[in-house]
2 protein chains.
Amino acid sequence: MPERSERPEGPVQPERPGRKPRADATRNREAVLAAADSLFARCESPEAVTMADIAAAAGVGKATLFRGFGDRTGLIHALYEMRLAPIRRAVEEGAPPLGPATPPLQRVPALLDAVLSFKIDNRHLALALEGTGGDSPYAAEHYERWHSTLQAALEQVPGLTDSSFAAHALLAATRADLVEHLVGQQRMPREQMRAHLAAFVARVLEPPCAPLD
Amino acid sequence: MPERSERPEGPVQPERPGRKPRADATRNREAVLAAADSLFARCESPEAVTMADIAAAAGVGKATLFRGFGDRTGLIHALYEMRLAPIRRAVEEGAPPLGPATPPLQRVPALLDAVLSFKIDNRHLALALEGTGGDSPYAAEHYERWHSTLQAALEQVPGLTDSSFAAHALLAATRADLVEHLVGQQRMPREQMRAHLAAFVARVLEPPCAPLD
DNA sequence: ACGTGAAACGGACCCAGGGTCCGTATCGTA
DNA sequence: TACGATACGGACCCTGGGTCCGTTTCACGT
């Protein structure tokens with residue numbers, strides 16, 4: 001039993017300020033990201049694209065992948081974070097309806113719609129990340145971020161007693177493989193999926209029957 | 001690109017009535033199921049238990065595993081169905097609150113609580129099944145069964161417009177890795193998890209604010 | 001009881017794919 | 001331009017799912 005330790009993953013951009021980073025290194029990093037992005041987008045199943053494929057497509061040796069990103073999960077993670085960055089900024093410091101100044105009853109649906117839309121548009125990537133066998137999606141820090149943001153908003157919704165669980169449950173409705181099943185396999189149109197989620201969220205946010213006067 | 005065909009999986013109990021099945025075959029099948037069950041229960045991560053491990057624990061050659069169950073997924077599937085069978089019977093032909101005669105507003109929470117309880121009690125197994133990389137959980141027929149049963153019940157809930165999506169969303173709150181995260185990692189007590197889900201479900205089932213007279 | 005052929009057995013074997021090693025080529029700096 | 005540090009890349013290793021085939025074991029008919 002190998003007893004999973006705390007993920008070795010040493011040399012992933014140590015950010016040495018003493019020396020300028022080598023040009024070929026950054027160039028290769030970009031090439032790898034681009035190649036991987038393209039491959040994941042093109043292929044139906046994420047596990048169909050191997051590390052060797054990515055290396056070949058980027059015109060680079062396999063070791064370069066692992067030197068730059070640690071392991072497969074690290075590479076996928078880097079790709080995912082790259083795509084997610086703008087949305088994250090919009091959530092953390094942007095204007096309503098995503099930004100922090102939005103009233104909860106408006107922000108919760110906006111957040112969930114943003115997550116869903118992102119996963120629809122990047123479902124192959126999201127699938128690769130969530131389906132990456134080893135570590136569950138719930139260990140990833142970006143999930144932690146979404147969850148705590150959503151929970152904070154839900155906390156201010158009247159009548160919701162368990163905001164943490166509710167946040168988990170609502171986020172679960174945007175799981176990548178569910179999105180892939182509905183949008184990818186069953187060809188549900190993007191807008192219809194968003195509408196369904198919106199209706200479901202609205203139902204959850206609806207105040208309890210007796211409006212306190 | 002290997003182009004996933006319709007799962008070869010030929011010789012999984014073809015049920016020939018012409019000849020009595022060989023004694024050693026059924027004995028080995030039992031041994032394998034028992035060994036696998038025990039190993040999955042004992043180990044934290046499902047991918048820590050290999051087919052060779054199971055074969056060794058059962059005192060059987062690897063080929064016997066694959067002859068009897070097709071592939072890894074098939075074995076896990078057989079285990080899962082075995083455990084699930086009593087609940088399935090209770091749902092299909094049992095008494096309330098799980099059986100078909102139950103009024104929807106009572107049956108929906110009962111169904112979801114049954115699923116959740118089952119996944120808590122068999123989370124390693126459920127994790128193995130849902131996390132089995134290749135095919136998404138949504139392709140499995142037992143998911144299809146849960147979904148259609150739940151959808152049928154939800155259809156009769158007033159004000160719910162999209163029963164199919166709602167069924168998906170509610171079932172998503174019982175995903176094995178979420179259960180593992182909350183109960184396994186964060187040590188949430190079983191009863192508390194059930195209470196949280198029950199509260200969430202109740203919130204969804206709550207009728208829209210204006211009660212029709 | 002015993003011969004017989006079909007079915008099951010098992011472990012050596014194959015192969016894909018993630019991850020590593022180390023001699024070599026390249027870059028930034030003096 | 002020389003030099004040390006850094007990155008390169010492809011041969012290599014290893015684990016783990018899945019298969020092959022010679023051998024064994026069973027169920028059935030006599």
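Note that this is a predicted model, so its numbers are computed, not measured. Residue numbering restarts at 1 for every chain, and letters A, B, ... go by the order of the sequence lines.
Ranking dC26(D), dG18(C), dG18(D) by closeness to the R27(B) side chain, first place goes to dC26(D). Distance from the side chain of D24(A) is smallest to dA7(D) among dA8(C), dG18(D), dA7(D). Taking only side-chain atoms of T50(A), from C-beta outward, the nucleotide of dG17(C), dG28(C), dA27(D) with the closest atom is dG17(C).
In this structure, I54(A) atom CD1 and dG17(C) atom C1' are separated by 12 Å, rounded to whole Å. Put simply, CZ on F69(A) is 14 Å from P on dG19(C), counting in whole angstrom units. The distance between atom CZ of F66(B) and atom P of dG16(D), rounded to the nearest whole Å, is 13 Å. Rounding to whole angstrom units, CG of residue D71(B) and P of dG18(D) are separated by 5 Å. Here dG19(C) presents its P atom at 11 Å from CG of L65(A), a figure rounded to the nearest Å. Regarding L75(A), its CG atom lies at a distance of 14 Å from the C1' atom of dG19(C), rounded to whole Å. Between the P atom of dG18(C) and the CE atom of M51(A) lies a distance of 7 Å, rounded to the nearest Å.
Qualifying ring pair (Phe, Tyr, Trp, His ring centres under 6.0 Å) partners for H147(A), counting only residues two or more places apart in sequence or in other chains: H168(A).
A centroid separation of less than 6.0 Å is found between the aromatic rings of F118(B) and Y80(B).
For D177(B) and R123(B), the salt-bridge test fails: no basic side-chain N is under 4.0 Å from an acidic carboxylate O. Salt-bridge check for D121(A) with R83(A): failed, with every basic side-chain N at 4.0 Å or more from each acidic carboxylate O. Classification of E81(B) and R145(B) as a salt-bridged pair holds, one side-chain N sitting under 4.0 Å from a carboxylate O. Between R194(A) and E191(A) there is a salt bridge, with a side-chain nitrogen of the basic residue lying less than 4.0 Å from a carboxylate oxygen of the acidic one. No salt bridge links R175(A) with E180(A); every basic N to acidic carboxylate O contact stays at or beyond 4.0 Å.
Among the atoms of the strands shown, only primed sugar atoms or phosphate atoms (P, OP1, OP2) are found under 4.0 Å from some heavy atom of R72(B).
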For nucleotides 10-14 of chain C, list the nitrogen or oxygen atoms of the protein found under 3.5 Å from its nitrogen or oxygen atoms, one pair per line.
residue : atom : partner : partner atom : Å
dG10(C) : OP2  : G61(B)  : N            : 3.1
dG10(C) : OP2  : T64(B)  : OG1          : 3.2
dG10(C) : N7   : R67(B)  : NH2          : 3.3

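For R22(B), no side-chain nitrogen or oxygen approaches OP1 or OP2 of dC28(D) to under 4.0 Å.
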